[in-house]
Amino acid sequence: APKSIIAPSILSADFADLGAECSRTMEQGADWLHVDIMDGHFVPNITFGPPVVAKIRKHVERPTESHGRGTFDCHMMIAEPKKWVKEFKSAGCDLYCFHYEAAINSTAAESPEAKSDLKTSPRELIRYIHEQGMLAGIAIKPATKVDVLFDVLDSHDKAERPDMVLVMTVEPGFGGQKFMASELPKVQELRKRYPGLNIEVDGGLGPATIDQAADAGANVIVAGSAVFGAKDPAEVISRLRDAVDK
Ligand code: DX5
Ligand code: ZN
């Protein structure tokens with residue numbers, strides 16, 4: 001499996017002090033920042049949008065060609081993922097991870113013309129994200145079968161293939177929920193089929209659950225409450241890393 005990428009979720013950070021919280025978690029050993037974008041439609045919660053992402057971008061050094069440190073991993077829990085690609089690129093997003101369920105159900109546009117413009121297949125959306133100069137991720141909720149991801153992952157056209165898949169290990173919407181081990185067979189199957197794929201897990205990850213997730217084959221680890229709620233966040237980050245790289 002590819003090497004560990006630890007991505008603390010700033011959903012559990014102090015929103016009133018977000019810049020400092022982000023630079024601190026990078027100093028504590030984080031590779032990426034996991035940025036949870038919620039629109040109150042796709043999930044029953046609202047977080048923040050492009051202006052906030054642009055502000056915190058100034059507090060974290062950008063990734064370069066040679067290393068991915070500082071990647072803004074934007075987890076787009078929004079009903080209209082295509083609509084926001086350019087805005088999040090401008091705000092400083094590096095990896096735009098949309099939900100499969102949102103891409104195939106995109107219906108919220110007012111006019112028929114706008115609607116057809118927003119409706120998009122996962123392949124088209126990945127291509128569009130790449131054209132805008134970002135990495136592309138595709139996420140699935142617990143109720144979604146892993147098989148739906150094979151179409152894009154098996155594409156012969158690199159522009160249509162995701163750079164990462166995200167297997168949710170909680171119902172998206174809130175931090176601090178209980179880890180769902182029931183989702184790990186999805187990770188196992190993906191790892192078996194795609195040995196080099198970046199497989200991210202998100203929800204309920206921490207010292208108590210990391211070993212199961214790492215053994216299943218996950219290498220990109222999101223952790224919100226376990227990192228930001230810890231007495232020693234650096235220790236938790238290295239613990240997560242060691243479990244993946246062992
Ligand atoms: C939940 C978010 C997660 C959340 C994880 O919808 O996608 O990124 O922050 O929080 P923890 O690690 O506390 O479960
Ligand atoms: Zn997330």
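Whatever order the structure lists ligands and atoms in, that order sets their numbers, starting from 1.
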Judged by atom type as modelled, is there a donor-acceptor pair below 3.5 Å linking the side chain of E101 to the main-chain atoms of K141? yes
Ionic contact status for E189 with R193, cut-off 4.0 Å: yes
Side-chain donor-acceptor contact under 3.5 Å, S4 with R241: yes
From I104 CD1 over to H99 NE2, what is the distance, rounded to the nearest 0.5 angstrom? 12.5 Å
Could you tell me how the ring of H75 sits relative to the ring of H34: parallel (under 30°), tilted (30 to 60°) or perpendicular (over 60°)? tilted
Once rounded to the nearest 0.5 Å, what's the spacing between atom NZ of K186 and atom CE of M168? 10.0 Å
Residues lining ligand 1 [heavy-atom distance under 4.0 Å, listed by chain and residue number]: S9, L11, H34, D36, M38, H75, M77, M168, P172, G173, F174, G175, G176, D202, G203, G204, V222, A223, G224, S225
Return a table of donor-acceptor pairs under 3.5 angstrom between the side chains of residues 6-22 and protein atoms on other chains or two or more places apart.
from : atom 1 : to   : atom 2 : distance (Å)
S9   : OG     : L11  : N      : 3.3
S9   : OG     : D36  : OD2    : 2.7
S12  : OG     : S225 : N      : 3.2
D14  : OD1    : A16  : N      : 2.9
E21  : OE1    : R24  : NH1    : 2.6
E21  : OE2    : D14  : N      : 2.7

Excluding waters, which protein N, O or S atoms are within less than 2.8 Å of the Zn ion (ligand 2)? H34 NE2, D36 OD1, H75 ND1, D202 OD2
Indicate every side-chain donor-acceptor pair of residues 129-136 with a distance under 3.5 Å to a residue at least two apart or in another chain.
from : atom 1 : to   : atom 2 : distance (Å)
H130 : ND1    : A159 : O      : 2.8
H130 : NE2    : D163 : OD2    : 2.7

For the atom pair OG1 (T47) and CZ (F174), what is the distance rounded to the nearest 0.5 Å? 11.0 Å
